Every structure is written in C-alpha cells, then in structure tokens.
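As structure tokens, the structure follows; a few thoughts come after it.
All chains are named by letter (A, B, ...) in the order of the sequence lines, taking the proteins before the strands, and each is independently numbered beginning at 1. Remember, predicted model here, so these are calculated numbers, not experimental data.
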Amino acid sequence: MPELPEVETVRRTLAPLLRGKRIEAFQLDWPRTLARPSLAEFERSIIGREISGVDRRAKLLLIELAEGAAISVHLRMTGELLYSEGDLAAAVERSAYLRARFGLSGGAALLFFDVRKFGRIAYLTPGERAELERAYGPEPLAEDFTVDRLTRMLSGRRRQIKPLLLDQQVIAGLGNIYADEALFQAGIHPLHSAHEIDDARIAALHAAIRGILQTAVELRGTTLRDYRTGTGESGQNQRRLQVYGAPKGSPCPRCGTPLERLVVGQRGSTVCPHCQPLVMLDRPRQ
DNA sequence: CACTGAGCCTGCTAGC
DNA sequence: TGCTAGCAGGCTCAGT
C-alpha cells in the first residue's frame with residue numbers, strides 16, 4: 001500500500017510531466033472518489049487552470065494550481081495515479097478500475113485507478129491546504145526530524161508505540177509496512193508503551209525510520225501488488241523487506257527464532273519475540 | 001487522552 | 001474442481 005516512499009516516487013515521476021499542463025476536462029467514474037466539493041463545483045474550480053507543480057505532505061499528493069490552491073489525491077490502499085499520452089500499456093491493462101480522469105492540454109491525461117475504491121480526490125483552497133498541512137506531524141526525512149524531537153514526541157505518551165507511529169498527526173507518512181520494518185530493525189516490540197522506550201532504542205528507531213524510508217525512496221517504493229509509479233513501473237524495495245508479510249513461524253532473518261503474528265491497533269503485525277522483547281515495567285508479572 | 005469497533009471496498013486464498 | 005468465508009488495511013466517525 002502506498003506510504004511515504006511510494007507517494008514520493010509518484011510525486012517525482014509526475015512533477016516534470018504535469019508542470020505547465022492545463023486541465024481541460026474531468027471525468028468521474030466512481031462518485032465517492034471525489035471527496036469534496038460537489039462535482040460541479042470541483043469542475044468549476046479546476047478546469048482551465050494550469051498545474052504549477054506536484055507536492056507531497058505525508059501520504060497526500062498535492063497537484064498545485066496557481067496561488068496555493070491544489071488538488072489533493074490520497075491513494076489509500078490500491079490507488080494508482082498514472083500519466084498517459086495515449087497508449088500506456090499499464091493504463092489499458094487496468095481500465096476496468098478507472099475511477100477518474102483529468103484531460104490535459106496536448107492530448108495527455110492523468111488517470112486515477114483504484115481497485116478498492118478507498119482513494120480520494122479533493123479540491124483545496126489555499127486556506128484549506130494550509131490547514132490540512134498543519135495538521136500532520138513532522139516529515140521523517142526532513143532535517144528537523146531529529147533524535148531529540150522523536151524523544152520529546154514519545155515522552156509522556158502511554159500509547160503503544162506502533163499505533164503511535166501510524167498516527168499521521170504524530171509522524172507523517174508511515175504505514176503498516178514501514179512501521180513493522182522500523183520496529184524490527186530497532187528491536188522494539190509494537191505493543192511497547194512509548195514512554196518506556198529507553199534512549200538507545202529511541203535513537204535506533206530514529207535511525208531505522210530514516211534509513212528504511214530513504215532506501216525505499218531510492219528504490220522507488222515497495223510493490224507487493226498494486227502500487228505503480230506515475231509512469232506505471234513497479235518499485236524495487238520489496239526485496240529489502242525483513243519481516244512485513246512474512247508468514248507466522250518463518251525464521252527471523254537476524255536470529256532464526258520463529259516470527260509471531262499479532263494484531264496491534266487492528267492491524268496485522270509481524271514480530272520477532274527474541275529481537276523485539278516486550279518489557280512491561282509498570283505491570284505485574286502474570 | 002486513549003482506545004475500540006464499524007464502515008468503506010474488492011481480490012485473493014485457505015479450507016472444505 | 002468449485003465454492004465461500006475470511007483476510008488485507010488507511011482513514012474517518014461514533015462511542016466508551
């Protein structure tokens with residue numbers, strides 16, 4: 001599913017192709033794909049306008065129009081945003097799942113495919129865009145995401161670490177894949193209470209989050225099934241995954257202990273019980 | 001504040 | 001072989 005590295009890759013592939021194009025038409029094949037405003041108002045807001053760039057905040061793609069307005073696209077689970085100049089093979093292949101289409105100047109098009117129909121498109125006024133961007137937590141690859149900042153974010157919070165990492169208002173862009181990978185690499189159990197994690201493991205978590213995301217961006221994302229870049233190619237980070245998606249009982253890549261599967265915050269999690277010990281300091285032993 | 005569960009969706013697969 | 005129940009999960013909203 002698209003997380004920060006996948007959305008960033010889509011942004012990088014689309015930005016040079018979309019910049020300077022004018023939106024000439026919009027077609028909506030699944031009404032709920034357009035979150036807001038109404039179809040008529042959406043069309044009124046975007047048609048005839050020129051795309052000035054493509055930005056990203058957390059897992060949100062922002063197709064920028066003049067003066068700070070933007071079209072936001074959230075891919076959620078299976079969304080794909082593909083640029084096409086006519087005969088893109090990947091687009092033809094997935095045409096049954098086309099949910100929306102932007103007709104662009106010069107005969108090009110921007111196609112939104114989404115098998116599961118969870119993805120959402122919206123128009124944001126400059127004010128709405130600014131407000132939305134403020135609501136997200138820090139970008140983990142930005143310079144201001146330091147060990148100190150992560151330490152402050154975790155201190156005094158009694159929540160379990162994994163749901164905390166998945167909370168986009170706490171830290172932006174992590175999803176189930178990279179959260180599991182980062183916790184494994186840092187040797188932290190997903191149920192661990194955030195404020196009980198020691199300084200050494202916080203530093204390890206910080207390094208793991210940044211290192212794993214950086215590598216995944218360089219490899220253009222993780223393609224397990226649906227994810228594609230803005231030009232229809234697969235990512236290459238899937239071969240780097242250590243634990244995500246590993247079947248229960250398969251050996252830990254580091255120590256060989258059988259991996260466990262558990263549900264944390266209603267999401268499947270893969271854990272090595274040896275490398276990721278669960279220490280409950282404030283609870284009596286059963 | 002923190003947590004839980006429902007709902008949105010369809011393709012895939014394990015199990016019969 | 002063919003069917004079906006259950007699973008995958010990002011995000012929002014309602015309720016405790």
Could you tell me the separation between the [atom1] atom of [X] and the [atom2] atom of [N], rounded to a whole number of Å?
X	N	atom1	atom2	value
A:Ile161	B:dC3	CD1	P	11 Å
A:Leu166	C:dA8	CG	C1'	15 Å
A:Asp167	B:dA2	CG	C1'	11 Å
A:Met1	C:dG10	CE	P	6 Å
A:Leu154	B:dA2	CG	C1'	16 Å
A:Glu6	C:dG10	CD	C1'	13 Å
A:Tyr136	C:dT12	OH	C1'	12 Å
A:Gln168	C:dC11	CD	P	5 Å

Using the salt bridge (Lys or Arg N to Asp or Glu O under 4.0 Å) rule, collect all pairs that involve [range], keeping only residues at least two apart or in two chains.
range	result
residues 173-192 of chain A	A:Lys162-A:Asp180
residues 261-278 of chain A	none
residues 127-140 of chain A	A:Arg36-A:Glu128, A:Asp55-A:Arg129, A:Arg56-A:Glu139, A:Arg57-A:Glu139, A:Glu64-A:Arg129, A:Arg129-A:Glu133

Does A:His74 have a side-chain nitrogen or oxygen under 4.0 Å from the phosphate oxygens OP1 or OP2 of C:dG10? no
Side-chain N or O of A:Arg157 closer than 4.0 Å to phosphate OP1/OP2 of B:dA2: yes
For the atom pair CD (A:Glu196) and CZ (A:Arg201), what is the distance rounded to the nearest 0.5 Å? 12.5 Å
Please work out whether the ring planes of A:Phe42 and A:Tyr123 are parallel, tilted or perpendicular, with thresholds of 30° and 60°. perpendicular
Please check this pair: side chain of A:Glu3 against backbone of A:Tyr178, looking for a donor-acceptor N/O pair closer than 3.5 Å. yes
Return all side-chain donor-acceptor pairs below 3.5 angstrom for residues 145-153 of chain A, not counting sequence neighbours, or 'none' if the list is empty.
residue: A:Thr146; atom: OG1; partner: A:Arg149; partner atom: N; Å: 3.1
residue: A:Arg149; atom: NH1; partner: A:Asp144; partner atom: OD2; Å: 3.3
residue: A:Thr151; atom: OG1; partner: A:Val147; partner atom: O; Å: 2.8

Can you give me the dot-bracket string for DNA chain C, 5' to 3', counting Watson-Crick and G-U wobble pairs with both distances under 3.5 Å, using [ ] for crossing pairs and | for partners on another strand? .|||||||||||||||
Those residues that, when tested against [X], pass salt bridge (Lys or Arg N to Asp or Glu O under 4.0 Å) (two or more places apart):
X	result
A:Asp114	none
A:Arg49	none
A:Asp167	A:Arg159

With the sugar-phosphate defined as primed atoms, P, OP1 and OP2, and the base as all remaining atoms, what B/S/- string results for nucleotides 8-16 of chain B, 5' to 3', for protein heavy atoms under 4.0 Å? BBBSS----
Hey, can you pull the donor-acceptor pairs under 3.5 Å for the side chains in residues 235-259 of chain A, sequence neighbours left out?
residue: A:Asn237; atom: ND2; partner: A:Thr222; partner atom: OG1; Å: 2.9
residue: A:Gln238; atom: OE1; partner: A:Thr223; partner atom: N; Å: 2.9
residue: A:Gln238; atom: NE2; partner: A:Gly235; partner atom: O; Å: 2.8
residue: A:Arg239; atom: NE; partner: A:Gln236; partner atom: O; Å: 3.4
residue: A:Ser250; atom: OG; partner: A:Pro247; partner atom: O; Å: 2.7

How would you label the contact of A:Met77 with the nucleic acid (heavy atoms, under 4.0 Å): base, sugar-phosphate, or nothing? base
Please tell me which of the listed nucleotides, C:dC11, C:dA8, B:dA2, lies nearest to the side chain of A:Arg159? B:dA2
Taking only heavy atoms on the protein side, list every residue of residues 265-273 of chain A lying under 4.0 Å from any atom of DNA chain C, sorted numerically. A:Arg267, A:Gly268
Tell me, please, which residues at least two apart from A:Glu50 pass side-chain hydrogen bond (donor to acceptor under 3.5 Å, both in side chains). none
